[in-house]
Amino acid sequence: MTSLYQILMLILNVAQFIVLAHVIMSWLINFQVLNIRQPLVSQIWYGLNRLLEPLYAPIRRILPPMGLDLAPLIVLIAIYALQIVLTNNAAAFF
């Protein structure tokens, strides 16, 4: 059961990394540090969008429209909350 706990924590850590990479890449594209016309940048950008849009879409429907997209923040908070719940209940895995 310990390995199940470790696998779940690994999946949450990878999800956290992907969301943070998407946020940082969106900032770099918006501040024109990265050019979306470059093939590698566009492949990474569209891949991250296709991967994360199913997570962001339900949150965007619930949140009121505003100038700032808070969906990645909500997803990160949910990931942190799941990590806390798993860590606090780790005794059930051992």
Side-chain angles (χ1 to χ4, degrees):
M1 288 307 259
T2 303
S3 47
L4 179 63
Y5 170 76
Q6 291 173 346
I7 290 170
L8 290 173
M9 292 301 286
L10 176 67
I11 291 171
L12 289 174
N13 286 333
V14 169
Q16 177 184 2
F17 174 76
I18 291 171
V19 171
L20 287 175
H22 185 255
V23 168
I24 291 171
M25 193 168 180
S26 72
W27 291 344
L28 292 175
I29 289 171
N30 285 334
F31 291 123
Q32 298 176 355
V33 175
L34 291 177
N35 188 356
I36 199 74
R37 291 185 206 111
Q38 294 175 344
L40 179 64
V41 173
S42 70
Q43 285 179 354
I44 294 171
W45 177 246
Y46 291 123
L48 287 174
N49 279 335
R50 292 180 73 190
L51 188 65
L52 292 173
E53 191 58 34
L55 292 175
Y56 293 163
I59 297 170
R60 287 181 180 143
R61 281 194 297 265
I62 294 171
L63 291 176
M66 56 183 84
L68 186 62
D69 185 18
L70 296 177
L73 178 65
I74 303 293
V75 170
L76 280 176
I77 290 172
I79 290 171
Y80 285 133
L82 284 172
Q83 286 177 337
I84 291 170
V85 167
L86 283 174
T87 303
N88 288 340
N89 295 317
F93 291 99
F94 299 123

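Side-chain atoms are counted along with the backbone in the values below, which use heavy atoms only and exclude waters and symmetry mates.
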Is there a chain of hydrophobic side chains (I, L, V, M, F, W, Y, each step under 4.5 Å between heavy atoms) that links [X] to [Y]?
| X | Y | value |
| --- | --- | --- |
| L48 | I11 | no |
| I7 | M9 | no |
| L10 | Y5 | yes |

side-chain contact (heavy atoms from CB on, under 4.5 Å) partners for S3, two or more places apart
none
Listed pairs under 3.5 Å, donor-acceptor, residues 37-44 side chains, sequence neighbours left out:
| unit_1 | atom_1 | unit_2 | atom_2 | d |
| --- | --- | --- | --- | --- |
| S42 | OG | Q38 | O | 3.3 |
| S42 | OG | P39 | O | 3.0 |

Could you go through residues 56-69 and list every donor-acceptor pair under 3.5 Å that involves a side-chain atom there, pairing it with any protein atom two or more places apart or in another chain?
| unit_1 | atom_1 | unit_2 | atom_2 | d |
| --- | --- | --- | --- | --- |
| R60 | NE | D69 | OD1 | 3.3 |
| R60 | NE | D69 | OD2 | 3.3 |
| R60 | NH1 | E53 | OE1 | 3.0 |
| R60 | NH1 | E53 | OE2 | 3.1 |
| R60 | NH2 | D69 | OD2 | 2.6 |
| D69 | OD1 | A71 | N | 3.3 |

Pairs of donor and acceptor atoms involving the side chains of residues 21-29, under 3.5 Å and at least two apart or interchain, shall be tabulated with distances.
| unit_1 | atom_1 | unit_2 | atom_2 | d |
| --- | --- | --- | --- | --- |
| H22 | NE2 | N49 | OD1 | 2.7 |
| S26 | OG | V23 | O | 2.7 |

Any pair counted as salt bridge (Lys or Arg N to Asp or Glu O under 4.0 Å), so long as it reaches residues 1-19, sequence neighbours left out
none
I'd like to check the side chain to side chain donor-acceptor pair (under 3.5 Å) partners of Y46; sequence neighbours left out, ordered by chain and number.
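Listed in chain order: nothing, the list is empty.
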Distance-only donor-acceptor hits, side chain of residues 75-86, under 3.5 Å, sequence neighbours excluded:
| unit_1 | atom_1 | unit_2 | atom_2 | d |
| --- | --- | --- | --- | --- |
| Y80 | OH | Q16 | NE2 | 2.7 |
| Q83 | NE2 | N13 | OD1 | 2.7 |

